[in-house]
Amino acid sequence: MTYSFIGLGKPIAAVNNLLKTHIKNFRTKNPGQIPILTPGGIFASDYSMAAAFAGDNGMCVYMTVDDLLKKSDLVFVFLSDKALKSISLNLGKHNPKGKIFCHFNPAYCADILDFNSNNTYVSMILPYITKDD
């Protein structure tokens, strides 16, 4: 299962670090086995920041949401509802079937990622971030 990100920000780094730690621990405990999660890439409006994040984390930069959706199974969305609304119509034009979307906005409006598909899953996850993060 390939995971990717839409958007940028501090929470993206926290979630990515957590996922990388779990993958590393899995490989340590299960040598020779393939982890269920593999990093994919990132799509963001600021290409230079996306490229820096991707380069630091062994990921790729997707030039379009369509590319991201074609190559990802699990999509973490780090956008405000306002920003997400601006691309949600575009997202619906792509093939979201069978994808899992995780949105991180506490003010999440469920209908924004409603693609009217029984094979698309949307979940809101609020990562635990300490004061030190």
Is it true that a side-chain atom of [X] and a backbone atom of [Y] form a donor plus acceptor pair closer than 3.5 Å?
| X | Y | result |
| --- | --- | --- |
| Asp46 | Ser48 | yes |
| Asn30 | Gln33 | no |
| Thr2 | Ser72 | no |

Nearest 0.5 angstrom please: [X] [atom1] to [Y] [atom2], how far?
| X | Y | atom1 | atom2 | answer |
| --- | --- | --- | --- | --- |
| Leu68 | Met63 | CG | CE | 12.5 Å |
| Met49 | Ile42 | CE | CD1 | 9.0 Å |
| Phe53 | Asn16 | CZ | CG | 4.0 Å |
| Leu8 | Ser45 | CG | OG | 7.0 Å |
| Tyr3 | Leu19 | OH | CG | 5.0 Å |

Practice prompt. Indicate yes or no: does Lys70 engage Asp66 in a salt bridge with an N to O separation below 4.0 Å.
Written response: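 Yes, Lys70 and Asp66 are salt-bridged.
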Hydrophobic cluster identity match, [X] and [Y], side-chain contacts under 4.5 Å:
| X | Y | result |
| --- | --- | --- |
| Ile6 | Leu18 | no |
| Tyr47 | Ile12 | yes |
| Leu74 | Ile36 | yes |
| Leu37 | Phe26 | no |

Fill in: Asn57 side chain near Lys20 side chain, heavy-atom distance below 4.5 Å
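Side-chain contact under 4.5 Å: yes.
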Worksheet item: Are Ser4 and Tyr62 close enough that some pair of their side-chain heavy atoms sits under 4.5 Å apart?
Response: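 Ser4 vs Tyr62: side chains touch.
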Could you pull out the closest heavy-atom pair between [X] and [Y], with the gap in Å?
| X | Y | value |
| --- | --- | --- |
| Ala54 | Val61 | CB-CG2, 3.7 Å |
| Arg27 | Pro35 | NE-CG, 3.6 Å |
| Pro11 | Phe78 | CB-CE2, 3.5 Å |

Item to complete: May I have the step-by-step check of side chain to side chain contact (heavy atoms under 4.5 Å, CB included) for Val77 and Phe5, ending in yes or no?
Response: CA-CA 6 Å; Val77 181; Phe5 301 101; over 6 Å; no
